[in-house]
Asker: 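First the structure, then my questions, so here it is.
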Amino acid sequence: MSTTRPCSPGDRGPEPGAGGASGMSAERAAPEEEAASMASASSTAATPSAASVAAAASAEDAPPSEGGSGGGSASSAAARRTRKLNFDGESGVVPLARDFARQALYAWGWLPAATADQRAAAEDVLLVVSELVTNACLHAEGPDDLWISCDNKVLRIEVSDKGAGQPAPRTPHRAGRPGGHGMFIVQRLCLDWGVVRTSGAAGKTVWAELGAPA
């Protein structure tokens, strides 16, 4: 496995509407954490298919991949809570991913936000999820899985796809030019980010880490 590292509605609950993941959506938690509640995905112009986004508790508490060697959290696996969303057969994957991430933030205590800093931290997570999933749609024929994991200090987002490209912020970045801002936003908002590839396997995982609110 190789790792390469390139040189607002946060407070509201899950959005209304019929939609969600028909594939597995599982939470791998420390033994003391209970399963999170079910909720429906966003009802937007790109409406997800009619199924529910579910979260099931599991005794497994390892991080979702070995991408942690790329940098970021050094917390023990026992303190980390993880959820997975599979996009197989789904449409409207960006609003679906945002709603899934919002549910995780409620379950893990990031929402509802008590302060402006906590609200901003939650909105940053939702924005980074949107950008990573959108990037997979535009450049890798869509995402395969979304992993979200959290300990007391760092929240980690991972989006896997089958694309062979190398995500990177457009250089030089020009704010007035349409498109090409996704990875620049990720770079600005995150503590660290990178790309993980497995030798002999197609595709990649793009990961990003954000600091937990105080």
Side-chain angles (χ1 to χ4, degrees), residues 1-7 21-25 41-42 44-49 53 62-73 82-101 104 123-150 154-211:
M1 176 174 296
S2 63
T3 302
T4 59
R5 185 181 307 161
C7 14
S22 56
M24 177 182 295
S25 169
S42 304
T44 65
T47 304
S49 61
V53 178
S65 75
E66 296 179 8
S69 59
S73 174
T82 301
R83 292 186 173 197
K84 175 188 177 184
L85 175 64
N86 180 267
F87 293 103
D88 287 350
E90 296 298 332
S91 60
V93 295
V94 175
L96 179 63
R98 283 178 62 89
D99 192 65
F100 176 80
E123 290 173 351
D124 287 350
V125 170
L126 298 179
L127 180 55
V128 171
V129 167
S130 295
E131 295 298 339
L132 293 183
V133 173
T134 297
N135 202 57
C137 291
L138 293 176
H139 304 293
E141 301 182 2
D144 292 333
D145 297 302
L146 165 65
W147 290 93
I148 302 178
S149 59
C150 182
V154 173
L155 184 141
R156 182 180 180 94
I157 300 162
E158 300 188 29
V159 176
S160 62
D161 61 58
K162 295 182 175 64
Q166 178 67 31
R170 179 181 287 178
T171 304
H173 178 259
R174 294 175 183 154
R177 181 168 53 183
H181 306 297
M183 297 313 297
F184 176 79
I185 292 172
V186 171
Q187 186 179 61
R188 289 291 300 270
L189 293 180
C190 294
L191 300 172
D192 202 358
W193 73 279
V195 181
V196 176
R197 300 181 189 274
T198 301
S199 179
K204 63 184 179 297
T205 297
V206 183
W207 60 267
E209 293 184 337
L210 299 93

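What's counted below: heavy atoms across the whole structure, side chains too, no hydrogens, waters or symmetry copies.
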Asker: To the closest 0.5 Å, what do you measure between CZ (Arg197) and OG (Ser160)?
Answerer: 12.5 Å
Asker: When Val94 is tested against each of Val133, Asp99, Val129 for side chain to side chain contact (heavy atoms under 4.5 Å, CB included), which residue passes?
Answerer: Val133
Asker: Calculate, to the nearest 0.5 Å, the distance between atoms CG and CG belonging to Leu132 and Leu146 respectively.
Answerer: 8.5 Å
Asker: For a quick test of reading the model, state the closest non-hydrogen atom pair linking Leu191 to Gly211 and the distance between them.
Answerer: CD1-N, 3.4 Å
Asker: Does any part of the side chain of Trp207, heavy atoms only, come nearer than 4.5 Å to the side chain of Val159, both counted from C-beta?
Answerer: no
Asker: Kindly compute the distance separating OG (Ser130) from CG (Asn135), expressed to the nearest 0.5 Å.
Answerer: 12.0 Å
Asker: Indicate the atoms forming the closest heavy-atom contact of Val125 with Ile157, along with that distance.
Answerer: O-CD1, 4.0 Å
Asker: Please confirm whether Arg156 makes a cation-pi placement over Trp147, using NZ or CZ under 6.0 Å from the six-membered ring centre and within 45° of the ring normal.
Answerer: no
Asker: Considering all heavy atoms of both residues, which atom of Lys204 and which atom of Asp161 are nearest to each other, and what is their separation?
Answerer: NZ-OD1, 2.8 Å
Asker: Side-chain contact, heavy-atom cut-off 4.5 Å: Val195 with Thr205?
Answerer: no
Asker: Identify the two heavy atoms, one from Leu127 and one from Arg98, that lie closest to each other, and give their separation to 0.1 Å.
Answerer: N-NH1, 4.0 Å
Asker: Just to verify, which of Leu189, Val186, Val206 counts as forming a side chain to side chain contact (heavy atoms under 4.5 Å, CB included) with Glu131?
Answerer: Val186
Asker: Work out which heavy atom in Met183 is nearest to a heavy atom in Trp193; give both atom names and the distance.
Answerer: CE-CZ3, 3.3 Å
Asker: Please report the shortest heavy-atom distance between Leu85 and Ala97, naming the atom on each side.
Answerer: CD2-CA, 4.1 Å
Asker: Once rounded to the nearest 0.5 Å, what's the spacing between atom CZ of Arg188 and atom CG of Asp124?
Answerer: 11.5 Å
Asker: Any side-chain heavy-atom pair from Ser149 and Leu155 closer than 4.5 angstrom?
Answerer: no
